[in-house]
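Here is the structure we will look at, set down as C-alpha cells.
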Amino acid sequence: MNIIHAQQLSIQGVIVDKKTGETLIGASVMEKGTTNGTITNYDGNFSITVSKGATLVFSYIGYNEKEITVQNQNFLRIELEESTKLLDEVVVVGYGTQKAKDLTAPITTVRGTDLSKQITSNPMSALQGKMTGVQIINSGSPGSGPSVKIRGVGSIGDYANPLYIVDGVFVDNIDFLSSSDIEDLTVLKDASAAAIYGVRAANGVVLVTTKKGKIDQTNISYDGYIGLQVPTNVLKLANTEQYVELMNEANARNEGYTPKVASSYPASTDWYSELLRNAITHNHSLDISGATEKTSYSLGVNYFYQEGIMDAKNDYERYNIRARVDQKVNNWLNFGINTVFSNYSTYLSDNEAFFKAYVNPPVYPVYDNTNTEAYPIKFGAPQDYGYGAVYGNPVAIAYYNNNKEDGLKTILSTYAEISLIKDKLTFRTSYNLDYNSLKSRDYTPEYYVGGSQGLNQSSLSKTFSISYRHILDNLLTFNDKVGNHSFNILLGESTRNERKYSMIGTALNVPYIDEQSLYLSRGSASSLFVQDYIGDTNPYAYNGISFFTRASYNYADKYLATLTFRADGSSKYQQKWGYFPSIGLGWILTSENFMQNQHLFNFLKFRASWGRLGNDNVPANSAVILGQTGMASSAVFGNDILYEGVGSQTVLQNTLKWEVVDELNVGFDFSMVHQNLRGEIDYYNRTTNNAVFYAPIASGGGVATLLGNWGTIRNQGIELNLNWNEKVSKDFSYNVGFNITTIDNKVVSLNGKRDFIPDGQIRGNYTTRTAVGHPIGAFYGYEIDGVYASEGDALRDPVSQDIKDAGYFKYKDQNGDKVIDEKDKVYLGSAIPLFTSGLDLGMNYKKFDVSVTLQGQYGNKILNAKRMNRDIFTDGNYDLDFYENHWSENNKSNTYPSAEAYNKAFIQQANDFFVEDGSYFRIQNVQIGYNFNTIKGIKNLRLYLSAQRPFTYFTYKGFTPEVNGGPTTSGIDTQTYPMQAIYTFGLKLNL
Amino acid sequence: MKNKILVLCFSVLTLAGCSDYLDIRPEGTVPSLGMDYTKSENIFKPVSAAYASMRPSEVHAFNYICMFEIPSDDADKGSTPEDNPEAKELDTFTFGSNNGLISGLWEGYYNVVSAANNAIGQMPLFEANMMTEANKLYTRQCQAEAKVIRAYAYFNLVRAFGYVPIVDTVMTSEQLASIHQSTPAQVYQFIENDLKEAIPLLPASYSKAYAGRITTYTAMALKAKAHMYHASIENAQANWDSVASLTDRIMASGRYALLDDFRSVFSVDQENSKESLFEIQSSSLGASSGDNYPYVIYAYVQGPRNNEPSNMQGWGFKTPSTALIKFFTDRGETVRAATTFLYRGTKTPEGDSIKTKCPNPVYNGKVYTPSSYNKWNYNGYGFDHNVRILRYSEVLLMFAEAKLQGATTGNASGQTALSAINEVRRRVKLTELNSVTLQDVYDERRAELALEENRYFDLIRTGRAQSILGSKGFVAPKHNLFPIPNAQMQLNSNLIQNTGY
C-alpha cells in the first residue's frame, strides 16, 4: 500500500481532442523536470501522483503541448488542440535537419514503422509504390537488393543508383539494414536538396537515420515474423508432345532432318517445377532505446533468414547489431558514437540452372538410371538423347553448386559537436567508416552428367575481398534570429578515401570431407592459381575532397530561401574539380494576410528550386591507354612455352568530363479540410549533361565500346502525392494515399559526336538506338504488318524482303520504296514508363488495422531477349504461349510467326513481336493486424497477417515485368527466374 | 575556451591538402605509355599480344570454318540439321548482312589489325632506347613480324569482304567512325607493301623454343599467296611473276621439304615441322581445366559429335561432302583419303573409335587428335592442334600454277610446274603426271589442301564459283564477296554495302 505524503497530490483526469471531444489514447502526461510520467489508457484516462505545485505537461503527436500547474485539483479535463506540428516536424536534410515547413525542396520522408510493414529483406524494396519519383526494380534472389531510379534514367543505368547515407556514412546500398533498424528514411529528390552532396547526388540521395533513444520514452520491443515465399508468375513451357510438334514443324523443310516422335522420348519434364519450391523466411528484431537528459541510447539486434526458392541449398542469413549512444558531456560539448555490425552468410544459387530450365527440351528425365557414365548421382543427360554440349541438366547444375559467401560490414560513425557560441555557432567534426570484408568459397566436386557437363577434378575457388570508405567531415553551423529574420549558415569540408582489394585463388583436386577440409593447399600444387586483378572495378582506389556551404533564410515564416554551393574534387575524372550551386525559394502563402480569410487551405506553400549536381559514381577512366596483360595477350610457341605479352587498344581514350545534372523543380505543398488532406504537386525538369556511359564504336581500335561523355539527356515530369486521413469516430479512422509520377525522357544532344548510338546487340543486330529527340536506349526495329498466310500471298506482295514465305512476318514498308531494309526501322518504344503510381489504403477499426498497398507502372516496353536465342538453342524448348499461338496451316495467326520462321535471324531481331508492353499492376501488400493493449505489463501487442506481392498482373511473356539494364540497353530481358509472393504471420511486442 | 580552440585545431589539421591526393591511376593496370622502353626483354611483349589476338574463335575457329569452307562444295555444315541456322545460311547462300557469324569475323580480324598496329607503333619507341645494334635490329625484326600479322589479317578481310577500310595506326573513335573503305586492289597493295618491308628483316628460322614464330619464308609464302589472288583482279602477268619468284626462293632455300608421312603433317607431334611455314599456335599448356588457356578451338568445333569418351567429341561442324569423297575416289586417292576422312563406325590407327551413334557419317580427319593428347576436362578434343595456314606443298602448287599462268621468273630452284606437282603427288603415292595443265593444278590443290579453308576462295578467284556452287545457291557476282556487316554499317556511316546486299 502506497503512502502518499501530505505534499503530494494524486491526480486523475482525461485528455480529449478540443475540437471533436474524442478521448486521446496514449497521450503523455509528464511531471515537468522529472522522470515521473504516464500515458492515457484506452479510455483517455490517466492517473498520476505529483508534488503540490508541480507542473504537468500534456502532449500527443499532432497536437500542441499544454502545461498546467497543479495546486489542489484532483481531476483534470485537458483539451488538446491539433497543431500544424506535422509541419513543425524536423526532417533530416543534408548535413543537418530542417523543419518540414521551412523546406524549399521536395523532400519525402517515410517512417521506419511504415517500412517495417512491408515484408522485404531490404528496406528500399519496401518503398516500392510509396514515394513519387522513386522507381524500384526488384530482383528475386534471396537477400538481394533492388535497383533504384529517382526521376527517370537521367544518369545512366548501372551508375544511376542514388547516394545512400546511413547516419553520415556513405554506403553503396542499404541491403544490410533491416527495416526495424530505421527511424526514418528521407529521399532528397531534387537538385537543391541534394546539391549539398554535390559530386554524388546527381541521382538523388537517400538519407537513413537509425533508431535513436527518445527522452522519457524508454522502449523495449520485439518484432518478428515468419513467412512462406511462393514462386509466382512462373512461365509455362511446352511439354514433350508440344515440343516435338513444334520441332517437326520448324524443320519440315530442312534437308536431312528426320521427324522426331514424342513417344520415343522417356519423359516430359517440367524443369521449373523440378527446380522450384516454396521457401521459408523469418525475421526477429529486438530493440531497446531510451534517453535521459544527458544520454540517449539505442540498441538493436536483428536476425533475418530467407531460404531461396530454388530447390537446392541456397539461402541468406543475416545478423545485425546496432548500438548508438549520444552524450551531452557539458554545456558546450556533445559527442556520439554509432555502430552497425552486419554479418551475413549465404549459400548462393547458380542462376544458370534457371536459364537451362528455360532452354532445355523437356524430353529427358531428371534422373536416369540408364545413364551409366554419370556419377555420383545418375542424372539424366541431354547428350544421351542427341543434344549438343550447350545443354545441361538444370537440376544437376543446382545440385552440384556449392557456393558460400560470408560478409561482415561495419559502419562506424562518431562525432563531436562543440558549441562555440551557445545556440548560435556550432562546430561538428565526424569520422565515418564503412568497412566490408568478404570471404567466399566455391566448391565443385568431381562429377559427370553428360557431354561437357562434368568436372574430372574437383575444383575449389576462394575469394577474399576488403573494401572500405573513410569520410572525414568538418562542419561549422551558424544560426540566428533577428526579429522576423532567421537564418542558418553552414560551412563544410569533407575528405573521402575509398579502396577495394581482392584476391582469388583456385586449386584442383581438393577432396571434400567437410567444410574444414576445403583449403587450396589441400589441392594439387601445380594447379594452384592466384590472381588479384579481377576487372575494371575490382580493385579500385578513389579519393575525393569537397568544400561546401549552405545558407537558409526565413522571414516571418512567410518567405524562405536556401542557397548551396559545393566544390568537388574527384580522382575519377580527368577534369578534377567540379562546381555545383543551387538555389531554392519558398513562399508560405497561408501566412500572408490576404490568405487569412480563406478556408480552403490550412497550409499552402509554393516552392521553386534550381540546382546543379555532379555524378562521380561512374567507372574511373584513364586518360592514357592502358596495357593489358594476361593469357589473352600472351602467345605460345615451341613446346608449349608461354611468352608474356602486353596488348593495348589502338583507339584513343576520350577525355572524361564531369557528368553534371541541372535540375529545375517547381511545386506546391498544401493541406486542406482540417488537415485531413495533405499533398504535394511538383514539376521537375532534369538535364544530364555529358552523360557518361560505354557506347559501341567502329572496329579497328581493338575494343568494342568506349567510355565517353556521349550525350545530354533530359527527364521531366509531374509528381503528385495526396494523403487523406480521417478519424470518423472513436473507433474508426482511415487513410488513403495516392502518388503518381510521370517521366518524359529525351536525348537532347549527342554532343555533336555521332548521329545516333546503336546498342543492345543480339544476333549481330542492334536493338536499341539513342538519338536526339527520342528516349535514351529506345527500341528500334521493324513494325509488323501481319504474317503471310500462304506462299502465294508472299510472292504476290510487291514489297521485297530477305525472306518472304508463309508463316513469316510481313514487315511494314515505312518509306514506300517496296524494299524492306534498314530504312524501314522505326522507334518501337522505350523501357522508361510513362508513369508509375501507387495507392495506399489503411483503416483502423477498434483494435483491428487493415492496410493495402497497390502499385504499378504503365507505358514501358521490354525486349523479350529470352526468346531470341534460337541461333544457339535451335533445338531448345519453346514457351507454351508460343505453342498455343504460333502460325500454322490450321492457325493462320496474324501476329505470331511459324515455328520455322521463328529460328531465322530475319525474324529474331527487334520488331514489335519481341518488343512487348511491360506495364503492370500489382497488389504490393495486404496486411491485417490486431492490437492487444490491455494486457498487464505490456504496452502493446500487435499480431498481423500479411501477404507481400500476392498478385501481379502483366501481359509481358516473361517471369517479371521488372527489367533493368544499362542506359542504352535498358529493358532487354534475359531473366529466367521467377518472383515470389510472401505470406507471413508476425507479432510486435512493446514492453 | 582554450579547450574549444584546441579541439577545433585538431579537426582542421585533418584537412587533406594537395591535389596529388586526387591523382590516382586505376588499380592493377600498366600504363602502356609508361612501358619501360629501355628494357630489351619488353620488346617482344606487344608482338606476343599480336600473335595471341589470332586465337579467338571468330578469327580461327567457328566463324572461320563457317565462312571460309562450309560454303564450298567440299564441305557441308555438319552437326545436326537443326543446329545453328546462321551456319546453315552460309551453307545455302541465304545469308544477309545481319548474319552474326559474318559480323563476328569482321570484328575478330579488326582486333588482330589493332593488335598488330599497336606492336608496329611501339617498336620505334624501343628502337630509340636500345643501345646495341643487335637490339635495334631485333626491334625491327619484331616490327616486321607484326607487319606480317597485319598483312595476314587484311588478306583474310579482303578475300571475304573486298572493300574494307585500312586502319594502320592509333585513331580516335571519331576517325574510326568515318574512315572510308579502300578498293580490293588498294588493300592488296597495302598487304604486299607490308610484306615487302618485312621480308628482309625477318630471320630464316628460330630456335626450338620459338618454333612457330614468323620467318622470312612465312612472309614470302604469304606474299606469294596474296599475289596469286591479286592476279585475278589486275596486273595478272606481274602478279604471277611475283608468285613464281617468291615460291622459287622458298624452294631454293632448301629449308623446307615435304614430310614423308602425309598423316603426320596434321599431327600434334609434327607441328611446326619442316613442311610448315605458318601455323596458328594452340596449346592447353598441359593443364586439364581452368579459365584462360592459350588454345584455339579449331579442332574442337569439327570434332565427332556425341562421340565417346567425352574427350573425343566436338561440335561436329564442317563435315566432308559426298562430292569431295567422290572426287577423292575418282582420283584413286588412298593416302589422302585415309587422313582427310574420319568415318563413324571405324577405329583409327591410333586406337580411337568414332561411334556409330554420331549423327554425321564422316568428319574432318585432318583435325583428328588421339585421346592421349586430349586431357582437358570433358571437352578437350584437339586443344593442342595448331591451325595449319601455309604448308610447303602449297608453295609447290602455287609455283606450278604461276608457271602455267605464264610466269617467266622463279628459275633459281630448278623446279618446273611438272616437277613441283609431281613432288606433291609422290608423297601421297599417286602416279606422277607426264604433262600438267591448269586444271590438274586446280585438282591437285583441291585434293592436297582439302578442308584447309582454301577451296571456296580458290573457286571465286578462278571464276568457277558460279558453275560449281550454283546448285548450292551461289549467285555471281553478288556472292563473290560477303556483305559488310549491318552492325558495322550502323557504327560508320561512310561504309557502303557490297552490291547485291
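Within every chain, numbering begins at 1; the chains are lettered A, B, ... in the order of the sequence lines, protein sequences first and strands thereafter.
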(request) Is it possible for you to check whether B:R213 lies under 6.0 Å from the centre of the six-membered ring of B:F44, through NZ or CZ, and within 45° of that ring's axis? (result) yes

(message) For A:D532, which atoms come within 4.5 Å of any heavy atom of chain B: side chain, backbone, both, or neither?
(response) neither

(message) Need one label for A:L706: side chain, backbone, both or neither, based on atoms under 4.5 Å from any heavy atom in chain B.
(response) side chain

(message) Out of B:L176, B:V167, B:N272, B:N111, return the one with the most heavy atom pairs under 4.5 angstrom to chain A.
(response) B:L176

(message) Going by side-chain contact (heavy atoms from CB on, under 4.5 Å), A:V390 matches just one of A:I872, A:T874, A:D875. Which one?
(response) A:I872

(request) Pick whichever of B:G212, B:A177, B:A209 has the most heavy-atom pairs under 4.5 Å with chain A. (result) B:A209

(message) Going by the rule ring pair (Phe, Tyr, Trp, His ring centres under 6.0 Å), which residues pair with B:Y154 if we only count those two or more places apart in sequence or in a different chain?
(response) B:F190

(message) Going by the rule side chain to side chain contact (heavy atoms under 4.5 Å, CB included), which residues pair with B:T80 if we only count those two or more places apart in sequence or in a different chain?
(response) B:E82, B:D83, B:R305, B:P359

(message) Is A:R769 close to chain B through its backbone or its side chain, or both, or neither, when contacts mean heavy atoms under 4.5 Å?
(response) side chain

(request) Please check if any side-chain donor atom of A:S648 sits under 3.5 Å from a side-chain acceptor atom of B:N118, or the reverse. (result) yes

(message) Heavy-atom cut-off 4.5 Å, strictly under: side chain, backbone, both or neither for A:Y387 against chain B?
(response) backbone

(request) Between chain A and each of B:K357, B:K208, B:Q281, B:M489, count heavy-atom pairs under 4.5 Å; write down the option with the most. (result) B:Q281

(request) Give a yes or no on whether the ring-centroid distance for A:F637 and B:Y51 is below 6.0 angstrom. (result) yes

(message) So which residue, A:E822, A:R754, A:Q383, ends up with the most heavy-atom pairs under 4.5 Å with chain B?
(response) A:E822

(message) Check B:K45 with A:E644, please: is the shortest side-chain N to carboxylate O separation under 4.0 Å?
(response) no

(message) If I measure from the heavy atoms of chain B, does A:Y766 come under 4.5 Å with its side chain, its backbone, both, or neither?
(response) side chain

(request) Below 4.5 Å from any heavy atom of chain A, which atoms of B:E279 appear? Answer side chain, backbone, both or neither. (result) neither

